[in-house]
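First up is the structure itself, then whatever we jot down about it.
The structure presented is a predicted model; accordingly, all values stated were derived computationally and were not measured. Heavy atoms only: backbone and side chains are in, while hydrogens, waters and symmetry mates are out. Reminder, nothing fancy here: chain letters follow the sequence lines and each chain counts from 1.
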Amino acid sequence: MSTATPTGPSDFIRDIVAADRASGKHGGRVVTRFPPEPNGHLHIGHAKSICLNFGIALENPGGICHLRFDDTNPTTEDPAYVRAIQDDVRWLGFDWQGKLFYASDYFERLYAFAVTLIKKGKAYVDSLTADQMRDYRGTLTEPGKDSPYRSRSVEDNLDLFRRMKAGEFPDGAHVLRAKIDMASPNINLRDPVLYRIRHAAHYRTGTAWSLYPSYDFAHPLSDAIEGITHSICTLEFQDHRPLYDWVVAETEHEHRPQQIEFARLNLTAAVMSKRKLLELVDRKLVAGWDDPRLPTIRGLRRRGYTPEAIRTFCEHIGVAKRDAVVEMQMLEHFVREDLNKRSPRVMAVLKPLKVVIDNYPEGTVEDLEAVNNPEDASAGTRTVPFSRVLYIEQDDFREDPPKQFFRLAPGREVRLRYAYIVKCVGVVKDPQTGAVTELHCTYDPETKSGAAQEQRKVKATIHWVSARHAADAEVRLYNPLFLTDLSKVPADHDWTLYLNPQSLERLTGCKVEPGLRQAAPGTRVQFERQGYFCVDPDSSAGTPVFNRTVSLKDAWARIEKTQQAR
RNA sequence: UGGGGGAUCGUCUAGCGGUAGGACGCCAGCCUUUGGAGCUGGCUACCUAGGUUCGAUUCCUAGUCCCCCAGCCA
């Protein structure tokens with residue numbers, strides 16, 4: 001008897017956690033944290049971190065992951081982001097089990113730790129201007145030099161720091177610095193700023209404080225206070241680790257969290273920079289943070305992505321330390337995989353072409369049985385009305401069909417899904433433009449779908465909608481937001497110039513099965529042969545709006561492409 | 001030219017001294033009342049040069065290339 005050993009995700013961080021648990025480090029506890037700053041919305045890159053931190057907590061008995069808002073910069077943060085972030089984390093399927101924290105809750109204790117450092121002679125008030133401080137810091141290759149204020153007495157430092165807190169000085173007049181080593185080859189150790197004066201109202205603490213701790217001070221201490229065992233962050237903080245450890249050690253915390261860094265997620269054809277995302281939204285270059293073209297959690301959600309698909313994706317991209325750019329196809333693959341299993345199929349015509357079945361009796365309507373999901377028998381069946389006048393997809397007809405085009409053409413036959421085999425017997429064109437405006441077909445009554453005697457094979461089956469019964473709909477197709485990989489755009493170029501004017505294609509006058517007329521926002525369906533779609537909140541009574549989450553794989557498109565390449 | 005990281009199929013990622021595995025992608029075929037899904041087969045990789053070793057992607061040495069750091073952002 002072989003019991004299947006459930007092999008969850010594995011990576012170097014989980015290896016470290018497992019080893020620590022085995023050795024009894026941290027008393028065998030596993031406490032992680034996801035520490036967003038509430039100055040923007042979460043995106044797919046954060047999802048990677050969320051899946052990692054909450055995932056590790058879930059995988060280890062007694063493990064827990066805290067949600068902590070790293071809110072130490074009052075000028076950029078907003079409570080609306082706090083709410084949205086919680087909502088997004090929950091939507092992704094994770095639970096912080098009541099362990100919701102704010103760095104701002106620790107301001108009082110952080111201040112006390114700073115005083116301790118001053119008393120130990122490990123921190124001092126500096127009164128250099130920002131420019132001067134930069135000069136004193138040295139360069140990458142040259143050591144910095146001590147600030148003239150570095151040798152202030154403990155008493156003076158204590159007094160000045162107290163008065164900074166009391167709001168006696170304007171912004172920028174003084175800062176509190178760690179006294180480490182101005183000649184350190186690691187620039188982060190050249191007396192980093194611990195506190196800066198900011199006469200700004202904080203969204204949670206109001207005007208109680210006129211000085212705020214920096215990340216380098218607040219973060220390690222927040223971790224230590226909360227008993228975090230594994231503080232997982234991205235690569236750019238590697239250089240800060242010695243400082244992180246210094247802060248925890250010098251404030252004499254018995255508990256020492258361990259910082260571990262991994263490579264952040266990069267995705268082809270996706271803007272992941274918080275700054276750029278904000279700018280796109282602020283300048284109204286997109287519809288908002290939940291614009292379906294954005295890789296934000298809210299954008300993906302509105303687009304129709306499922307949390308399961310995002311989590312599966314995060315599991316499959318792995319966790320490592322090398323810089324990497326994951327192809328968007330990978331994300332798309334996992335949504336398709338998930339949606340294929342769960343989406344009800346439905347017929348929808350995006351670009352309608354009228355078809356009259358000449359030999360079908362006028363006024364007759366047949367209710368045909370259609371399978372809701374061939375991947376899931378329990379999804380059952382539904383009924384779709386068939387009548388003499390239909391709409392089919394313009395792309396499913398070619399007057400002059402190229403090689404390997406199996407769909408409708410003059411004299412050719414196709415099956416109408418769940419209905420009959422029809423033959424194209426006439427083409428009506430606009431006398432002015434020559435465009436095909438209507439098709440005439442005949443149907444073979446012997447070929448009704450599912451009929452026992454029905455054996456005939458045709459090369460293609462196409463979808464359709466009965467003209468009389470169809471509901472009108474708007475369909476939004478999405479293409480890459482940018483024409484080029486933004487990482488290749490020079491910093492001095494206006495990156496917004498590379499926006500793809502075709503990133504959103506709005507199709508109106510689309511025809512969908514009548515059953516979709518009142519579909520609720522958030523409803524996900526597969527439009528047969530086309531893709532997965534999700535009902536948008538913009539839908540109005542009677543006319544739903546659909547977002548294309550992702551197209552189905554299109555073998556014909558590929559054939560056509562290689563044909564054209566020849 | 002300082003410090004910190006990193007280099008394995010086209011793209012992610014495993015491998016921890018016994019000669020490279022998985023996923024995405026791509027190609028071919030089967031199947032199919034979605035040119036979907038599914039199934040089968042195939043494709044391509046250890047940055048370079050030395051060394052240690054019976055044997056190196058794994059260890060050593062020397063290079064090369066890439067990323068991050070000079071915010072009172074995080």
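Residue contacts for Thr72(A): at a heavy-atom cut-off of 4.0 Å it reaches the sugar-phosphate backbone alone, with no base atom in range. Heavy atoms of Ile197(A) sit nowhere under 4.0 angstrom from any nucleic acid atom. Using a 4.0 Å heavy-atom distance criterion, Pro374(A) is classed as a base contact. Within 4.0 Å of Met133(A), counting heavy atoms only, lies at least one base atom of the nucleic acid. Using a 4.0 Å heavy-atom distance criterion, Phe237(A) is classed as a base contact. Counting any heavy atom pair closer than 4.0 Å across all strands shown, Arg137(A) reaches sugar-phosphate atoms only and no base atom. Using a 4.0 Å heavy-atom distance criterion, Val319(A) is classed as a sugar-phosphate-only contact. Within the 4.0 angstrom heavy-atom criterion, only backbone atoms of the sugar-phosphate kind lie near Val193(A); the bases stay farther away. No engagement by Leu331(A) is indicated, since no non-hydrogen atom pair under 4.0 Å with the nucleic acid exists. Residue-level contact check: Ala130(A) touches the bases, meaning some heavy atom is under 4.0 Å from a base atom. When heavy atoms are screened at a 4.0 angstrom cut-off, Tyr212(A) is found touching no nucleic acid atom at all. Heavy atoms of Arg417(A) sit under 4.0 angstrom from at least one base atom. Looking at heavy-atom distances under 4.0 Å, His240(A) makes contact with a base.
The CG-P distance, from Asp444(A) to U33(B), rounds to 17 Å in whole Å. A straight line from OH of Tyr420(A) to P of U33(B) spans 19 Å, rounded to a whole angstrom.
Spacing between G3(B) and G21(B) at atom P, rounded to whole Å, works out to 39 Å. For C60(B) and A7(B), the P atoms lie 14 Å apart once the distance is rounded to whole Å. Rounded to whole Å, the C1' atom of U8(B) lies 15 Å from the corresponding atom of U48(B). Comparing the same atom, P, in G2(B) and in U11(B) gives a spacing of 30 Å after rounding to whole Å. Comparing the P positions of U58(B) and G41(B) gives a spacing of 32 Å, expressed to the nearest Å. To the nearest whole angstrom, the two C1' atoms, one in C24(B) and one in A56(B), are 29 Å apart. Rounded to whole Å, the P atom of U57(B) lies 14 Å from the corresponding atom of A45(B). With P as the reference atom, U44(B) and A20(B) are 14 Å apart, rounded to whole Å.
Closest approach to the His316(A) side chain among U34(B), A23(B), A74(B) is made by A23(B) (side chain taken as heavy atoms from C-beta onward). Which of G2(B), A14(B), A70(B) sits closest to the side chain of Ala320(A) comes down to A14(B). Side-chain proximity of Asn73(A) to G35(B), C73(B), G3(B): nearest is C73(B). Taking only side-chain atoms of Leu140(A), from C-beta outward, the nucleotide of C69(B), G5(B), C73(B) with the closest atom is C69(B). In the set G35(B), C72(B), U33(B), the nucleotide with an atom closest to the side chain of Phe405(A) is G35(B). When distances run from any side-chain atom of Ala555(A) to the nucleotides U8(B), G36(B), G5(B), the shortest one goes to G36(B). Taking only side-chain atoms of Asp239(A), from C-beta outward, the nucleotide of G5(B), U34(B), G4(B) with the closest atom is G4(B).
Pairing partner, C47(B): G63(B), with both Watson-Crick or wobble hydrogen-bond distances short of 3.5 Å. G29(B) and C39(B) make up a base pair, with Watson-Crick or G-U wobble contacts both under 3.5 Å. In a base pair of the Watson-Crick type (N1 to N3 plus N6-O4 or O6-N4) or a G-U wobble (N1-O2 and O6-N3), with each distance short of 3.5 Å, A56(B) is matched with no nucleotide. A 3.5 Å limit on both hydrogen-bonding distances identifies no Watson-Crick or G-U partner for C72(B). Here G10(B) sits opposite C24(B) as a Watson-Crick or G-U wobble pair (both hydrogen-bonding atom distances under 3.5 Å).
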Practice prompt. Step by step, work out the salt bridge (charged side-chain N to carboxylate O under 4.0 Å, His left out) result for Glu393(A) and Arg529(A).
Written response: CA-CA 11 Å; Glu393(A) 208 68 58; Arg529(A) 303 208 300 134; over 6 Å; no

Item to complete: Would you please test Glu236(A) and Arg264(A) for salt bridge (charged side-chain N to carboxylate O under 4.0 Å, His left out) and show each step?
Response: CA-CA 9 Å; Glu236(A) 66 269 29; Arg264(A) 61 153 20 97; 3.1 Å; yes

Discussion item. Run the side-chain contact (heavy atoms from CB on, under 4.5 Å) test on Ile197(A) and Tyr212(A) for me, step by step, so that the C-alpha distance in whole Å, both residues' side-chain angles and the decisive distance to 0.1 Å come before the verdict.
Written reply: CA-CA 6 Å; Ile197(A) 298 171; Tyr212(A) 292 90; over 6 Å; no

Fill in: Residues Glu560(A), Arg407(A); criterion salt bridge (charged side-chain N to carboxylate O under 4.0 Å, His left out); working and verdict
CA-CA 13 Å; Glu560(A) 198 175 30; Arg407(A) 280 109 94 149; over 6 Å; no

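In this structure the side chain of Phe107(A) reaches within 4.5 angstrom of the side chain of His202(A), judged on heavy atoms. The closest side-chain heavy-atom distance from Val346(A) to Phe533(A) is not below 4.5 Å. Side-chain contact check for Ile310(A) versus Ile44(A): some heavy-atom pair is nearer than 4.5 Å.
In this model, no side-chain donor or acceptor of Thr141(A) finds a partner on the base of U1(B) within 3.5 Å. No hydrogens or angles were tested; on distance alone, a donor-acceptor pair under 3.5 Å links the side chain of Glu327(A) to the base of G10(B). In terms of polar N and O atoms assigned as donor or acceptor, the side chain of Arg407(A) comes within less than 3.5 Å of the base of G35(B) in a complementary pairing. In terms of polar N and O atoms assigned as donor or acceptor, the side chain of Gln526(A) comes within less than 3.5 Å of the base of U34(B) in a complementary pairing.
Phosphate proximity of C73(B) to Arg196(A): present, with a side-chain N or O under 4.0 Å from OP1 or OP2. Contact check, Arg322(A) against A14(B): a side-chain N or O comes under 4.0 Å of OP1 or OP2. Proximity of Arg264(A) to the phosphate of C67(B): no side-chain N or O atom is located under 4.0 Å from OP1 or OP2. Contact check, Arg529(A) against G35(B): a side-chain N or O comes under 4.0 Å of OP1 or OP2.
Between Gln329(A) and Asp171(A), the residue whose closest nucleotide on RNA chain B is further toward the 5' end is Gln329(A). Both Met330(A) and Ser127(A) lie near RNA chain B, and the one whose nearest nucleotide falls closer to the 5' end is Met330(A).
A ring-centre distance under 6.0 Å is not found for His174(A) and Tyr149(A). The aromatic ring centres of Tyr244(A) and Phe237(A) sit 6.0 Å or more apart. Checked against the 6.0 Å centroid threshold, Phe34(A) and His66(A) do not count as a close aromatic pair.
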Discussion item. Strictly under 4.0 angstrom, non-hydrogen atoms only: write out the protein contact profile of nucleotides 37-45 of chain B, one letter per nucleotide from the 5' end, B, S or -.
Written reply: S--------

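Its glycosidic angle being more than 90° from 0, G55(B) falls on the anti side.
Note: Leu350(A) CG to Gln530(A) CD = 4.5 Å, rounded to the nearest 0.5 Å.
Checked by atom type, the side-chain pair Ser214(A)/Asp216(A) shows no donor-acceptor distance below 3.5 Å.
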